[in-house]
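Heads up: the structure comes next, in structure tokens.
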Amino acid sequence: MNGRRIGILTGGGDAPGLNAVIRAVYKAGKQHHLKLIGFRNGFSGVIQRDFMIMDDEVGSGLLHRGGTILGTNNRDNPFKYPVRTEKGIEYKDVSPQIIKTLEEMDVEALIAIGGDGTLSIAKELYELGVPIVGVPKTIDNDLSATDWTFGFQTAVQTATDALDKLHSTAESHHRVMILEVMGRYAGWIALYSGMAGGADIILIPERKWSLDEIIQAIEYRKKLGKSFSMIVVAEGVKLPDGHWVTQDIEEGRSDPIRLGGIGQILAKMIEDTGKTESRSLVLGHLQRGGSPIAYDRILATQYGIKALDLVLDRRYGNVPVMQSGAITSISLKEATSQLKNVPMEHELIQCAKKLGIYIGH
Ligand code: F6P
């Protein structure tokens, strides 16, 4: 391989727009005669030297495609990498292998696209001297350093479409329909899709709720002649006893807790009051799949271009972000320092209250 080489990888959960970032880096890099090496399945690809050399065939036609052509991984932390030994799986620090691969393959910089887990790994690698730039990604929109992460708006659109469909069946059967959406410990997807989809009750992890208040809201609607209600609940909403509802605990991931199931429990609680029928739906990974909407394609493209600019300027250890509507960059350290929750008095919460939506307390 001749010419300057840049590596790229996607880590953590996928999000609509990942391919749009890869395309932007490829196309803009081509203008500078850069060769782009796509490492497969996150940091694993660098550790195991599993890669593809991007060309026009793979580097174009990507803008609208969901998922990531490079594959991804959320169990590949090079500082705690699962290695099969005689004793079973052991977690070892294989970060020197990353440095070795990049040096031996003559890759001058690495672009790591991922959420807080991937960006935290990138920060540690940077501190070890790896020339690395991050790109923030998550459908949860929970990174404090940036106004928006790509994939979020697409997830909100998917949840909104689901609410539109659930509306008619809720109305026909005079039921309470509950849509459980993703978002981990933040309520952004629930808040935005709840507002866009006309939910009557929105539950987010940032605010407490009580069954009595929910029933009151449902009964009040009945008095107004509305025999059905729509609820959006974020997967990270806790039960009244203060516990999360979890599907599983999976070691080896940056966040081992797999949330899910609050919607079904809530439906049962509502039905047990004997006042109304209730059904729930977990929207799940539909929120991560499919084609990114226009906003996410553009944001992903802007992040890709900015990431390449950072590499060209050798400003390693940084991440493109959007702040007050403008694309800029901050350090990986700042990018990973804090998760972004919905502020208690966020303007959409105010709007929800003024519309009579129950949004907890
Ligand atoms: O962080 C993105 C996200 O989709 C969360 O909203 C969700 O809690 C989690 O990932 C699910 O992860 P997995 O697909 O690995 O189960």
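In each ligand, atom 1 is the first atom listed, and ligand 1 is the first ligand listed.
In this structure, Phe152 and Trp148 have parallel ring planes: the angle between them is below the 30° cut-off, well short of the 60° mark.
Partners of Asp212 under the salt bridge (charged side-chain N to carboxylate O under 4.0 Å, His left out) rule, at least two apart in sequence or in another chain, do not exist in this structure. Listed by chain and number, the residues in a side chain to side chain donor-acceptor pair (under 3.5 Å) with Glu104 are Arg49 (sequence neighbours excluded).
Side-chain contact of Glu213 with His361: a donor-acceptor pair under 3.5 Å is present, judged by distance alone.
For ligand 1, the 4.0 Å heavy-atom shell takes in Asn74, Ile139, Asp140, Met182, Gly183, Arg184, Glu235, Arg253, Arg258, His285, Arg288, ordered by chain and residue number.
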For a quick test of your reading: what N or O donor-acceptor pairs under 3.5 Å do the side chains of residues 61-69 make, sequence neighbours left out?
residue: Thr68; atom: OG1; partner: Thr10; partner atom: OG1; Å: 2.9
residue: Thr68; atom: OG1; partner: Leu70; partner atom: N; Å: 3.0

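Each of Asp50, Ile47, Leu9 was evaluated against Phe39; a single residue qualifies, Leu9, per the side chain to side chain contact (heavy atoms under 4.5 Å, CB included) test.
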